[in-house]
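All residue numbers refer to positions in the sequence shown, counting from 1. When a ligand or atom number is given, it counts from 1 through the structure's own listing order. What you see is a predicted model; the values in this text were computed from it and never measured.
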Amino acid sequence: MKQILLLLIMPCILFSCSQENKTTVTSPDSTIALSVGTDNGRLYYQVSRAGNPVLNKSFLGFTLADGALGEDLEVTQVAHASFSEQWNQVWGEEITVDNTYNEMTVTVKEKTNKQRTFDVIFRVFNDGIGFRYHFPEQPNLNEFVVMDEWTEFALSKGGEAWSIPAYHTEYYEGLYEKAPVSALDTVCTPLTIEINDGSFLTIHEANLTDYAAMNLTPQAGTEKLKADLTPWSTGEKAFVKAPFSTPWRTVIIADTPGDLILSRIMLNLNEPNKIEDTSWIEPGRYVGIWWGMHTGAYTWHQGPNHGATTENTKRYIDFAGRHGFSGVLVEGWNYGWDSDWTKEGDKFSFTKPYPDYDLSGLAQYAASKGVRLIGHHETGGATKNYEAQLDSAFALCRELGINAVKTGYVSPRLDGKEYHSSQYGVRHYRKVIETAARYHVMIDNHEPVMPTGLQRTYPNLMTQEGVRGQEYDAFAADGGSPPEHTTIVPFTRGLAGPMDFTPGTFNYDDNVLHPNTRPRTTRAKQLALSVVLFSPLQMASDMVENYEGAPEFEFITSCPTSWAKTLVPEAKIGEYVTIVRKDRNSDDWFIGSITNAHPRELNLELSFLEPGATYQAKIFRDGDEADYQSNPYPVTIEEMEVTSESTIVLKRAAGGGAAIRIERR
Ligand code: NOJ
């Protein structure tokens with residue numbers, strides 16, 4: 001239940017606020033101050049925290065197809081408001097989210113030229129800021145084309161950022177590299193920066209609707225970053241019709257990396273849930289006929305090694321039923337895989353199964369085992385072909401009790417032309433989410449545009465890829481992701497929302513296609529990743545036979561995917577991270593703790609447990625001789641009684657980790 005505690009609107013004319021042609025809004029706790037002004041007719045904002053500058057004068061505005069919109073401006077009105085609510089997530093890293101901010105809306109108008117007007121709405125939270133442009137309907141700014149957005153983030157102090165380049169990384173599936181801000185290429189957001197004073201900033205966006213995704217370009221030799229919108233193939237950035245609001249530009253300001261993970265600015269800047277009946281939205285854990293395609297055990301296409309056969313799927317369903325998985329993903333079930341599907345995606349049918357796959361029989365068989373099939377719609381980037389079949393495809397899902405679909409867009413461009421992160425892509429992805437919602441289907445979207453928190457509005461948008469996930473440990477030519485990768489992604493891509501990373505590979509020795517490629521982790525770290533990497537739909541990646549007989553598999557099957565609470569007791573980006581999460585449906589706690597290539601001790605105080613209560617901890621840790629390179633498999637399982645006074649001391653091996661379940665007695 002939303003509780004609006006305070007809504008206070010106090011419009012005032014600028015000059016009555018400040019004689020300096022400048023005005024200010026602070027965070028509810030008064031720590032962060034954002035001020036706005038004009039300089040030579042151009043609008044800027046700047047930000048400080050506890051009196052220390054965070055962002056210097058950062059200019060705002062646009063180049064439109066017919067010239068600049070952002071010069072020769074005067075501020076015509078400033079309105080202040082305060083807002084506070086608590087809202088509950090259908091699923092998430094915690095149940096209740098606090099949304100408390102002070103708002104300042106600055107209206108500007110061109111003094112000459114066409115006298116066009118627009119607003120910039122600033123919201124200041126205790127942990128950062130967000131702002132968006134709003135274009136009201138007006139005679140001289142009706143339908144227009146954005147050629148460039150000027151938005152700047154002029155860092156007051158230098159820093160080093162973890163980034164992936166914007167136009168040279170397929171589907172955001174790159175390894176994040178740390179480099180000084182001034183040395184960056186054009187990079188993707190979320191961009192996390194360790195500022196030279198030890199604080200952390202993450203720049204991203206929220207509620208990307210009918211607009212292009214924002215990348216960031218450093219301004220040569222400075223600490224200033226400027227928005228770079230992904231273009232259409234024809235060069236325009238966005239086609240806009242007023243009234244229109246851009247996505248929010250967001251900056252989290254934190255003292256620790258853990259605080260970045262706990263910030264909810266992005267979700268708070270999305271609109272509330274539009275799906276009234278959410279009873280069909282079910283977080284869960286799944287297995288899939290999947291890893292085998294990437295390692296060469298199976299093929300997607302028809303032939304002797306076709307993975308998606310009726311018999312093989314029954315085996316997976318039986319396994320899922322026995323171990324309490326909610327779903328079985330089956331890739332390669334439908335016509336379209338037999339040619340080069342990344343170039344000929346328009347051959348995909350989303351309703352016609354291959355002859356050796358009894359779709360409706362399997363859906364019934366799954367239901368009899370308390371499991372659901374998870375649909376797979378690989379489009380090969382052919383969005384037009386997919387859109388033409390959307391209704392029939394999702395109607396079929398509904399008819400068969402398939403309430404989750406993994407979508408995919410493997411192709412360098414959508415429909416041979418457009419970037420996934422362009423306005424074209426953004427429009428397509430939204431259409432899929434909205435259509436799926438009408439048919440009560442949850443979405444797990446691969447090769448997405450970078451997520452921006454839309455799951456608040458459409459909680460059927462469960463999880464997305466847009467990350468170099470576990471699959472690279474099956475096929476990457478470089479042999480698999482380095483051990484530090486998973487200590488970085490929670491603080492970069494992870495800040496954009498749930499990741500379908502698919503941890504949980506147990507067998508590193510059966511890769512037919514790429515024998516030198518494998519997870520660069522210990523097995524205990526694979527367990528820990530189920531907690532560290534949040535995803536309300538999460539797949540255990542391996543072929544099911546590789547889990548048989550492994551006692552540590554119990555951790556994966558017992559681990560929830562949606563949480564009542566999340567804590568981050570220790571984290572150093574690129575080195576280690578420990579995440580503590582409380583189950584939504586019990587008083588149990590789950591902990592995942594990982595390290596990079598360096599072995600490390602974990603000293604975990606359990607002060608988050610209820611004082612006076614007794615718990616049983618089951619620890620799945622690296623065996624004493626474990627090492628991700630030479631001896632990745634040993635997992636030691638230990639049990640002990642613990643209370644809120646206890647400290648767990650564990651050694652994490654090189655490339656290792658620990659997973660802990662703490663059950664209330
Ligand atoms: C790329 C996806 O990330 C992967 O999970 C999937 O198996 C293939 N595309 C085929 O759709």
With heavy atoms of [X] as the reference, note each atom of ligand 1 found under 4.0 Å away.
X: E465; result: 3 (O)
X: E378; result: 9 (N), 10 (C), 11 (O)
X: V410; result: 1 (C), 9 (N)
X: H446; result: 2 (C), 3 (O), 5 (O)
X: E471; result: 2 (C), 3 (O), 4 (C), 5 (O)
X: H294; result: 4 (C), 6 (C), 7 (O)
X: H376; result: 11 (O)

Working for side-chain hydrogen bond (donor to acceptor under 3.5 Å, both in side chains), residues E173 and Y472
CA-CA 9 Å; E173 294 174 3; Y472 277 74; 2.6 Å; yes
Identify the protein heavy atom lying closest to atom 7 (O) of ligand 1, giving its residue, its atom name and the separation to 0.1 Å.
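So the nearest neighbour among protein heavy atoms is E331 OE1, 2.6 Å.
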Return the closest protein heavy atom for atom 5 (O) of ligand 1 as residue, atom name and distance.
K406 NZ, 2.6 Å
Run the salt bridge (charged side-chain N to carboxylate O under 4.0 Å, His left out) check on R372 and E282 step by step: do they pass?
CA-CA 11 Å; R372 288 181 198 261; E282 297 169 342; 3.7 Å; yes
Geometric cation-pi criterion K314 and Y365, 6.0 Å radius, 45° cone
yes
Centre of F506's six-membered ring, under 6.0 Å away, within 45 degrees of the axis: is that where NZ or CZ of R523 sits?
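Geometry flag: set, cation within 6.0 Å and 45°.
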Whether the [X] and [Y] side chains hold a donor-acceptor pair (N or O, under 3.5 Å, no angle test) is what I'd like checked.
X: T505; Y: S541; answer: yes
X: H485; Y: R468; answer: no
X: D622; Y: T522; answer: yes
X: H420; Y: Y172; answer: no

Looking at ligand 1, is there an atom of it that comes within less than 4.0 Å of some heavy atom belonging to Y171?
no
Just go through E447, E173, M539 and tell me whose heavy atom is the nearest to atom 1 (C) of ligand 1.
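Checking each option, the heavy atom nearest atom 1 (C) of ligand 1 is found in E447.
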Side chain, backbone, both or neither: which part of W337 comes within less than 4.0 Å of ligand 1 when only heavy atoms are counted?
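Looking at W337 and ligand 1, just side chain atoms fall under 4.0 Å.
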